[in-house]
Number of protein chains: 2
Amino acid sequence: MDHGLQHRKKLAAMHRIQSAALDLFEEQGFDEVAIEAVAAAAEVSPRTVYRYFGSKEMLVIWDDEDELDPGALNAEFGGDDPIAALREALRAGFAALGEDDLLLIRRRVTLIYRYPAIEAAMILHGYEKSRAIAAAVGGEDAFEVQVFVHAFVGGVLAAMRDWCAAGFSTPPFELVDRALTLLEHGFTRKRATPS
Amino acid sequence: MDHGLQHRKKLAAMHRIQSAALDLFEEQGFDEVAIEAVAAAAEVSPRTVYRYFGSKEMLVIWDDEDELDPGALNAEFGGDDPIAALREALRAGFAALGEDDLLLIRRRVTLIYRYPAIEAAMILHGYEKSRAIAAAVGGEDAFEVQVFVHAFVGGVLAAMRDWCAAGFSTPPFELVDRALTLLEHGFTRKRATPS
DNA sequence: ACCAGTATAGGCAGTCACTGCCAAATGGCA
DNA sequence: TGCCATTTGGCAGTGACTGCCTATACTGGT
């Protein structure tokens with residue numbers, strides 16, 4: 001959006017702050033680290049940390065890549081098969097991640113599932129974003145769309161939890177894809193065709 | 001579980017505290033009411049409020065009916081068609097609610113969706129309970145079960161949100177049932193058969 | 001009814017997340 | 001370089017939440 005010098009400095013500071021925060025949280029635990037310590041480690045004032053992130057949990061949750069744009073969303077998911085579009089968007093999104101990005105995400109996910117307070121904030125964040133997507137896409141059948149996006153967020157959360165619990169051994173897109181397929185086809189057939 | 005005098009007094013106090021809290025939150029707003037005010041209105045000490053409820057959000061979320069018992073759950077949902085069992089349990093649960101219970105639930109739901117902080121705590125609570133259920137039921141196909149319960153919580157949340165947004169005009173079981181049916185049969189067919 | 005022993009409530013003091021408010025500094029621009 | 005808009009930092013305050021200790025109320029046996 002904005003590419004002025006101020007904005008770039010702000011983003012750099014946010015990355016520095018987040019990095020310092022993750023280091024400290026991993027070392028000493030989320031509850032044991034005060035914002036003041038994070039601010040000191042990142043060489044900014046505590047007040048600035050709050051201005052940038054708004055809450056302690058956001059230090060872990062924040063991701064600079066997920067700014068969304070309702071117009072583009074409607075173009076992307078407004079077609080005949082929005083689930084296929086969603087799957088494709090997810091595949092592209094995961095494929096675009098470099099090794100560094102993935103490493104950072106793993107650190108964040110680990111912390112998110114270690115501390116329920118962070119998880120709660122994360123879930124709410126996910127729901128708010130998906131409701132925005134649903135509002136941009138959904139027309140008549142609002143109820144179905146709402147149920148789907150909430151269920152999808154739940155599914156992604158379950159997939160992420162599984163990914164983390166299994167030591168990040170499975171490629172993450174594969175898990176999300178399996179979850180999405182379950183939502184797509186329903187949960188009935190599962191019992192009829194055991195492995 | 002325990003039916004001693006202490007336990008009954010504690011439950012009575014919890015109901016009194018929750019009732020006072022809902023009154024105050026509705027009148028003045030969740031953020032504007034301090035725990036101290038709730039404690040004063042319910043004639044207990046603030047320390048006791050924390051001991052009973054653990055957090056301010058729990059004053060709204062808490063429901064005395066949802067104590068769960070892993071053994072019974074396994075017996076109930078361990079059969080061939082756990083989704084049908086779940087639907088039947090939901091139907092029975094909603095049918096068992098009296099007019100008073102329903103009124104209380106409406107007040108709580110209204111507050112939950114008015115204040116994101118409460119919603120976040122509620123969602124997390126729902127996930128934790130459903131993971132407990134899933135652990136009690138699920139065997140081999142843990143991933144599918146986990147995805148289902150998370151999606152189901154999301155679906156119920158969407159249904160509750162819809163219920164609240166529509167002024168509680170639809171019977172709640174009907175909405176939950178529709179959400180469950182969507183999960184059961186999948187979201188593909190929706191686009192193929194417009195209303 | 002009484003008297004241990006035990007569980008529970010209340011009070012106190014402290015920590016820390018988070019928020020306005022105002023002054024200082026810093027980038028944007030003529 | 002000098003002016004203006006935005007941003008940062010410090011300060012003080014509020015309130016959620018937590019140990020710790022004492023007082024009180026319940027419980028089970030006599």
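Nothing here was measured: the structure is a model prediction, and the numbers come from that model. Chain identifiers are assigned alphabetically (A, B, ...) following the order of the sequence lines, protein sequences preceding nucleic acid strands; residue numbering begins at 1 within each chain.
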Residue pairs passing the salt bridge (charged side-chain N to carboxylate O under 4.0 Å, His left out) test where at least one lies in residues 157-172 of chain B, sequence neighbours excluded
Glu119(B)-Arg161(B)
Taking only residues two or more places apart in sequence or in another chain, which ones pass side chain to side chain contact (heavy atoms under 4.5 Å, CB included) with Thr110(B)?
Arg114(B), Cys164(B), Phe168(B)
The side chain to side chain contact (heavy atoms under 4.5 Å, CB included) partners of Ala41(B) (sequence neighbours excluded) come to Ala20(B), Leu24(B)
Using the test ring-ring contact (aromatic ring centres under 6.0 Å, His included), find all partners of Phe94(B) that sit at least two apart in sequence or belong to another chain.
none
Can I get a per-line list of side-chain donor-acceptor pairs under 3.5 Å for residues 146-157 of chain A, giving both atom names and the distance, sequence neighbours left out?
from	atom 1	to	atom 2	distance (Å)
His150(A)	ND1	Gln146(A)	O	2.8
His150(A)	NE2	Arg131(A)	NH1	3.1

Please report the distance, rounded to the nearest Å, between CG in Leu11(B) and C1' in dC26(D).
16 Å
From CE of Met58(B) over to C1' of dA16(D), roughly how many Å is that when rounded to an integer?
15 Å
Which whole-number value in Å describes the distance from Lys9(B) NZ to dA9(C) C1'?
10 Å
When we call it a touch if two heavy atoms are under 4.0 Å apart, what does Lys10(B) touch: a base, just sugar-phosphate, or nothing?
nothing
Rounded distance (Å) that lies between atom C1' of dA16(D) and atom CG of Leu59(B)
12 Å
Looking only at side-chain atoms of Lys56(B), point me to the closest of dA16(D), dG27(C), dG10(D).
dA16(D)
Does some side-chain heavy atom of Glu88(B) sit less than 4.5 Å from a side-chain heavy atom of Arg91(B)?
yes
Within the sub-3.5 Å range, which N or O atoms of nucleotides 27-30 of chain D have a protein N or O partner, and how far apart are they?
from	atom 1	to	atom 2	distance (Å)
dT27(D)	OP1	Leu5(B)	N	3.1

Using heavy atoms and a sub-4.0 Å distance, could you list which residues of residues 23-39 of chain A are near DNA chain C? By number, please.
Val33(A), Ala34(A), Ile35(A)
Output a table of nitrogen or oxygen pairs between the protein and nucleotides 18-24 of chain D separated by less than 3.5 Å.
from	atom 1	to	atom 2	distance (Å)
dG19(D)	N7	Arg47(B)	NH2	3.0
dG19(D)	O6	Arg47(B)	NE	2.7

Under a 4.5 Å cut-off applied to non-hydrogen side-chain atoms, are Lys56(A) and Phe25(A) in contact?
yes
Ala165(B): what forms a side chain to side chain contact (heavy atoms under 4.5 Å, CB included) with it, not counting sequence neighbours?
none
Test of understanding: with side chain to side chain contact (heavy atoms under 4.5 Å, CB included), list the residues that count as partners of Leu104(A), not counting sequence neighbours.
Gln18(A), Leu22(A), Arg108(A)
For Phe53(A), check ring-ring contact (aromatic ring centres under 6.0 Å, His included) against everything at least two apart and list the hits.
Trp62(A)
In a table with atom names and distances, give each donor-acceptor pair under 3.5 Å that connects a side chain of residues 28-36 of chain A to protein atoms at least two apart or in another chain.
none

Using a heavy-atom cut-off of 4.0 Å across all strands, would you classify Tyr52(A) as base, sugar-phosphate, or nothing?
sugar-phosphate
